[in-house]
Q: 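Sharing a structure with you now.
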Amino acid sequence: MKEFHVSTNAREVLVDITSEVEKCIPENGSGVCTVFSKHTTCGITINENADPDVQHDILLYLSEQIPQFYEGFRHFEHNSDAHIKTSFMGSSVSIPFERGKMCLGRWQGIYLCEFDGPKTRSVVVSFTA
Ligand code: ZN
């Protein structure tokens, strides 16, 4: 198991962590890695890494659907939107890897989804053969 940290610079931002994850993959190893966020307001997803407008549009759409301030929200931290968005995106992804390389598609990147930053986040990468 390996762990690395990501410092985010905005309340909501998608950070491409593909190269950080790649560094964790065992040299010449094959198996499946799980990339896991240890937080309740920060998720992990895989999506397009070519056009940054995709990241913009994902955040825009989530914010339209899940406003930060919503009548009826009770949570005292006033970040219920961040908790809900994290559950929607999920806390982990699994990626097969072969001979030390992740089997990602040409346009796929791994993203840390910050919904309550800026913060320093911990990402765990574990492996099964
Ligand atoms: Zn909270």
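What you see is a predicted model, and the numbers here were worked out from it, not measured in a lab. Note that ligands are numbered from 1 as they come in the structure, with each ligand's atoms numbered from 1 the same way.
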Q: Specify whether an N/O/S atom of Asp116 falls short of 2.8 Å from the Zn ion (ligand 1).
A: no
Q: Just checking: Thr40, one of its N/O/S atoms, less than 2.8 Å away from the Zn ion (ligand 1), yes or no?
A: no
Q: Could you pull out the atom name of the N/O/S atom in His75 that is nearest the Zn ion (ligand 1)?
A: NE2
Q: Are Met102 and Ile25 close enough, and set up right, to give a side chain to side chain contact (heavy atoms under 4.5 Å, CB included), and what steps lead you there?
A: CA-CA 8 Å; Met102 287 191 287; Ile25 302 294; 3.9 Å; yes
Q: Considering only N, O or S atoms, which atom of Glu77 is nearest to the Zn ion (ligand 1)?
A: OE1
Q: With a 3.5 Å cut-off and no angle check, do the side chains of Thr120 and His5 form a donor-acceptor pair?
A: no
Q: Under 2.8 Å from the Zn ion (ligand 1), can any N, O or S atom of His78 be found?
A: no
Q: We want to know whether Thr41 and Arg121 form a side-chain donor-acceptor pair, criterion being a heavy-atom distance below 3.5 angstrom.
A: yes
Q: Could you tell me whether a side-chain N or O of Asp116 sits under 3.5 Å from a main-chain N or O of Ala82, the two making a donor and an acceptor?
A: no
Q: Please say whether more than 12 non-hydrogen atoms of neighbouring residues, nucleotides or ligands are located less than 6.0 Å from CZ in Phe88.
A: no
